[in-house]
Amino acid sequence: MAKKRSVLPVIKQVFRTEEAVHNTSGNESFDQVLARARFGRRGFLKGSSSLAAASVLGMGLAFLTDSMKQNGGAAVASERGLSFKPVTKNIADTLTVPEGYTARVLLATGDPIKSGVTPYKNNGTDNDFEVRAGDHHDAMQYFGMNSAGTGWEPMGSDRALLCINHEVCEDLGFVHPNGPTEYGPESTAARPQIEVDKEVAAHGVTIVELTRQGSTYELNPDSRYNRRITATTVFDITGPARGSAMLATAFSPTGEQTRGTLNNCGHGYTPWGTYLSGEENWAGYFHRREEDAVRTAKEVTAFNRYGIGSETSGRYNWSRFGATDNTDLYRRWSVNKTAASADQDFRNVANTFGWVVEIDPFNPNATPKKRTTLGRMAHEGCWAAKATPGEPLVFYTGDDARNEYIYKFVSEAKWDPKDATGGLAAGDKYLNAGTLYAAKFNDDGTGEWLPLTLSNPAIANYPEYAFADAADVLINARLAADAAGATKMDRPEWGGVNPTNGEVYFTLTNNVSSSSGRGTQTPLDAANPRFYADTKGDKTSQGNVNGHIIRWRESGGNPAAATFNWDVYLFGAQADADTSVNLSGLSDENDFSSPDGLWFSEATPGLLWIQTDDGYYTDMSNCMMLAALPGAVGDGEAKMVTNKAVPLNGDSDQTVQTYAGKAVNPTELRRFLVGPRDCEITGITESPDGQAIFVNIQHPGENSGSATDPTQFTSHWPDGGNARPRSATVIITRNDGGKVAV
C-alpha cells in the first residue's frame with residue numbers, strides 16, 4: 001500500500017482550482033480606456049482635470065438613466081419588507097436559522113437512495129455509492145410531479161423529484177476508512193482500485209423522489225426514479241461539436257459519446273422540465289505527463305488555456321491504476337498521446353468535459369446529453385430567461401475562474417409551448433443550434449454581447465489560435481471569448497433571472513491573488529472596480545476580497561438583444577469597512593463576503609436568495625445565506641471608488657467610476673442562515689407553494705487536520721458527537737406552515 005500523505009497541503013493545492021488563472025489574453029481593460037479617453041490613473045478631481053472628470057461622471061449617469069427610460073423605466077423595489085428576525089453572525093458548529101423556523105436533514109453523503117441498502121456507517125467502509133447519495137452536495141432543483149407519478153407538474157407540491165449535484169469527493173478522505181492513499185497532481189503513486197471506484201461513484205448527480213409528509217418531505221426509497229448519474233455514466237455528445245475529430249477517443253472513435261460527468265456545480269432547468277448541470281473544475285482531473293513537443297501547437301495552447309499542464313497526475317490520480325488495465329474506466333483519465341491515432345487512446349478525452357449536461361429526471365432510461373452549443377469552460381450553471389412563444393430561448397452561464405467571462409446562448413428555434421413535455425427531444429430542438437455570446441461590460445454602464453462564431457472577424461483572424469470550424473470555437477470557447485474581446489470578470493459563478501422584470505444577476509465571488517488578482521496582475525475596470533487589503537490574523541489578502549453581484553437589463557427587455565445596461569447590485573464587505581469598500585451600506589444584519597449561490601424564488605416573486613463560499617470573513621462568521629428584495633438596474637448612482645496603493649498603478653491610489661445599485665437596509669437584505677464550521681452554503685430550491693426550501697451544506701469540516709482523528713475535525717455536523725462531517729441537503733420550513741420568507 002502506498003505511503004500515507006499529509007492531507008492539508010494537497011487540499012490547498014487542488015481543491016480551489018477555480019481560483020487558478022489561465023486567461024493571459026490582452027483584452028483591453030477599463031483602466032486602459034480611462035488612460036486613453038478619460039482621466040489620469042493617479043487620482044481624480046485634481047487641479048484642472050476636475051471639471052472634465054465631473055462632466056464625464058455626469059454624462060455616464062445621464063446615459064444610463066436615459067437608457068433606462070427608453071426601456072420603459074427602472075422597476076421600483078417591492079414595498080414589502082422581510083419579516084423574519086435576522087440571524088446573527090457566528091462560528092458555531094451548527095446550522096442556525098431564524099426564530100420560528102425548523103431545519104431538518106433530508107439526505108446526507110452516503111445515505112441510501114433505494115430500499116434494501118444498509119444505513120451509512122460514516123466510517124469509510126461503505127463502497128456502494130452507486131446506490132447512495134454522492135458527496136459535496138451542490139446545486140439542486142425541485143421538479144413537481146403529477147399525482148399519477150408519471151411526469152412533470154410544475155406546481156406539484158405533494159410529490160416531486162429532487163436532482164442534486166455532487167461537486168467532488170471529499171479531499172480529506174472521510175469516505176475512506178483511513179483517509180485516502182497518496183494522491184495529487186505531483187504524486188506518481190498508484191492508488192488502490194477500491195478508493196478510485198468509490199471516489200468516481202461519489203461524483204455526479206443524485207435523483208430521488210420525495211413525498212410530502214405534513215409540513216415536510218420524505219424520500220421514497222421504492223421509487224423507480226431514484227438513481228445516480230456518476231463519472232462512469234455514458235453521455236451522448238450533441239450539437240455542432242458532435243462527431244468532431246477533436247472529440248474522438250478509444251471509447252467513442254466517432255466523437256459522439258463520452259463516459260462520465262465531473263465536478264457538477266451550478267445547475268438550471270429547461271422550460272420542458274429537464275435538469276441542467278454544469279461541469280466546473282473538470283480540467284484538474286486529468287493525468288498528463290509528456291513533453292509539449294509531442295502535441296501540436298494548437299493542442300498545447302488549448303491545454304494551457306484550460307489549465308492542463310504537462311507534468312500533472314490529476315487531482316485524484318485516477319489514471320494511475322489504469323496503467324495496467326485494458327478498459328476505458330481508468331485509462332480515460334490520461335490525456336497523454338500514447339497511440340498512433342486519437343481513436344486508439346484518450347488524448348482528446350478532456351475535450352469531452354466542461355459542458356452543460358442535460359438530464360431527464362422523469363426518464364431513467366434516457367441517455368443524458370452534453371450540449372456543446374453552450375461552450376466548453378468551467379461552467380457554474382445554466383439559467384434560462386423567461387420563455388416567450390414565438391421567440392428564441394435564452395440561457396446564461398458563467399465560467400467560474402478568476403478573470404473569466406459571462407456567456408449567453410440564444411437558440412435558433414423559436415419557443416413553442418407544445419414542447420413543454422418534450423423531454424430530451426425538446427432539448428435537441430432548442431439546444432443543438434443557436435449562437436453563443438460573451439459579455440463585454442463597457443465603462444459607461446452599457447454592455448454588448450459578442451458573437452462567438454467564425455463570422456466574427458476577431459475570431460476568424462485571431463493570431464493566437466487558428467479556429468478550424470464551429471466545433472473548434474465551442475470546444476475552445478475561452479479562446480474564442482479572448483479573441484472577441486470579452487470583459488474579464490472576478491470569478492463569475494451563479495446567475496439568476498428576476499421573474500418580476502427579467503433582469504439578470506450574476507455573483508462575482510472574489511479575485512484575490514498576488515500573481516493574478518484584481519489590481520495586482522489584472523487591471524481594475526468599471527464592472528470590477530475594487531482593490532483593497534483585508535487582514536485576518538497574520539494573513540493579509542489584496543484584491544476584490546469580498547466580491548460583488550452584478551446585474552443587467554437587456555435592451556428593450558428582450559433577452560436575445562445584442563446590448564444591455566448594467567450596474568452592481570451589491571458589494572460584499574464587512575459592516576465596519578471603510579465606505580470605499582462597503583459601498584452598499586451593509587450593516588451587522590446583512591454584511592457578507594464572497595457571494596456564490598444566487599437564486600430567485602418563483603413562489604415569492606422578487607425574493608432573491610444569496611449564498612456564500614467564503615475564506616476571508618470566516619473569523620467573524622461561518623458561511624451564510626441571505627434573503628433580499630432587490631430593486632432594478634439604475635436605482636442607484638454612479639460612484640467613484642477610491643482604491644488605495646494599487647500595485648498596477650505603481651502602488652499609488654487609483655479611482656475608478658462604476659455604477660452601484662442603491663444602498664440597502666435590513667428591511668430589504670438580511671441574514672437568514674449561518675452554516676456549520678468550514679462549510680459552503682450552496683444550492684437552493686423550493687416547493688412550488690413556497691412552504692419548504694431545500695438548501696445544501698457542502699464540505700463542513702473542510703479544514704480538519706485529519707480524516708480519522710475526531711479531535712482534529714473542525715466540524716462534526718450533521719451527526720454530532722465524534723462523527724465525521726458530511727455534506728447534506730436540509731429542508732427548512734416555518735413552524736406556522738406559511739411561506740418560508742415573506
Side-chain angles (χ1 to χ4, degrees), residues 1-17 19 91-95 105 108-111 119-127 129 132-137 166-203 284 313-318 320 536-539 613-615 618-619 622-623 675-681 697-728:
M1 184 173 286
K3 179 181 178 182
K4 288 283 178 61
R5 65 178 180 87
S6 173
V7 297
L8 289 179
V10 176
I11 292 173
K12 299 302 181 185
Q13 181 179 18
V14 304
F15 182 73
R16 298 294 183 184
T17 50
E19 295 184 358
I91 55 173
D93 188 29
T94 189
L95 178 61
V105 173
T109 295
D111 282 347
Y120 189 59
K121 302 181 186 67
N122 200 20
N123 61 7
T125 59
D126 294 290
N127 298 317
F129 270 85
R132 299 182 182 276
D135 198 11
H136 264 60
H137 298 45
H166 299 288
E167 187 175 9
V168 299
C169 184
E170 185 62 65
D171 285 289
L172 273 167
F174 289 121
V175 301
H176 300 304
N178 301 304
T181 52
E182 179 183 333
Y183 73 93
E186 298 179 359
S187 172
T188 57
R191 297 190 62 205
Q193 181 180 358
I194 192 170
E195 289 187 8
V196 172
D197 289 346
K198 182 185 297 189
E199 291 166 1
V200 168
H203 283 67
S313 296
R315 177 172 185 159
Y316 292 107
N317 293 25
W318 285 347
R320 302 307 300 176
K536 183 175 73 172
D538 59 357
K539 180 181 179 181
D613 178 15
D614 186 35
T618 48
D619 53 337
N622 299 334
C623 286
R677 292 185 190 133
D678 287 349
C679 80
E680 170 187 349
I681 307 298
I697 311 299
Q698 188 185 96
H699 63 66
E702 177 189 21
N703 294 319
S704 297
S706 167
T708 57
D709 181 358
T711 66
Q712 296 188 49
F713 298 170
T714 60
S715 175
H716 299 278
W717 190 89
D719 300 315
N722 289 325
R724 297 180 178 190
R726 297 192 284 163
S727 297

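Put simply, NE2 on H699 and OG on S704 are 11.5 Å apart, with the number rounded to the nearest 0.5 Å. With rounding to the nearest 0.5 angstrom, the CZ atom of F174 is 7.5 Å from the OG atom of S706. Interatomic distance, T109 OG1 to E170 CD, rounded to the nearest 0.5 Å: 8.0 Å. Atoms CG and CZ, from N722 and F713 in turn, are 8.0 Å apart once rounded to the nearest 0.5 Å. For the atom pair CG of N178 and OG1 of T708, the computed distance is 6.5 Å after rounding to the nearest 0.5 Å.
Remark: R677 engages no residue in a salt bridge (charged side-chain N to carboxylate O under 4.0 Å, His left out) (not counting sequence neighbours). Residues satisfying the side chain to side chain donor-acceptor pair (under 3.5 Å) test with H716, not counting sequence neighbours, are none. For the side-chain contact (heavy atoms from CB on, under 4.5 Å) test, residues two or more places apart in sequence or in another chain that qualify with I194 are N127, P192. Taking the side-chain contact (heavy atoms from CB on, under 4.5 Å) definition, one finds that D538 meets it with nothing, sequence neighbours left out. Qualifying side-chain contact (heavy atoms from CB on, under 4.5 Å) partners for A723, counting only residues two or more places apart in sequence or in other chains: N122, D719. Under the rule for a ring-ring contact (aromatic ring centres under 6.0 Å, His included), the partners of H203 that lie at least two apart in sequence or sit in another chain are Y285, Y316, W318. Partners of D709 by salt bridge (charged side-chain N to carboxylate O under 4.0 Å, His left out), not counting sequence neighbours: none found. Applying the side chain to side chain donor-acceptor pair (under 3.5 Å) test to D126 and every residue at least two apart in sequence or in another chain returns K121, R132. S187 is linked by a side chain to side chain donor-acceptor pair (under 3.5 Å) to E182, N317, counting only residues two or more places apart in sequence or in another chain. Applying the side chain to side chain donor-acceptor pair (under 3.5 Å) criterion to D678, with sequence neighbours excluded, gives N703, T714.
Here the side chains of E195 and Y183 are not in contact, with every heavy-atom distance at 4.5 Å or above. Taking 4.5 Å as the limit, every side-chain heavy atom of D613 sits out of range of all side-chain heavy atoms of Q698.
Between R724 and V175, the shortest heavy-atom contact is NH1-N, 4.4 Å. For the pair G124 and P177, the tightest heavy-atom approach, listed with the atom from each and the gap, is O-CD, 3.0 Å. Closest heavy-atom contact between A133 and A108: CB-O, 3.5 Å. Counting all heavy atoms, side chain and backbone alike, Y120 lies closest to G110 at CB-O, 3.3 Å. S313 and G184 get closest at one heavy-atom pair: CB-O, 3.7 Å.
Formation of a donor-acceptor pair under 3.5 Å by the K198 side chain with backbone atoms of C169 is not found in this model. At least one donor-acceptor pair closer than 3.5 Å links the side chain of N622 to the backbone N or O of A92.
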task: Test side-chain hydrogen bond (donor to acceptor under 3.5 Å, both in side chains) on D93 and S715 and set out the steps.
output: CA-CA 6 Å; D93 188 29; S715 175; 2.6 Å; yes
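Under the side chain to side chain contact (heavy atoms under 4.5 Å, CB included) test applied with R726, the options I697, D111, D135 reduce to a single match, D111.
Salt bridge annotation for E199-R315: absent, with no cationic side-chain nitrogen under 4.0 angstrom from a carboxylate oxygen.
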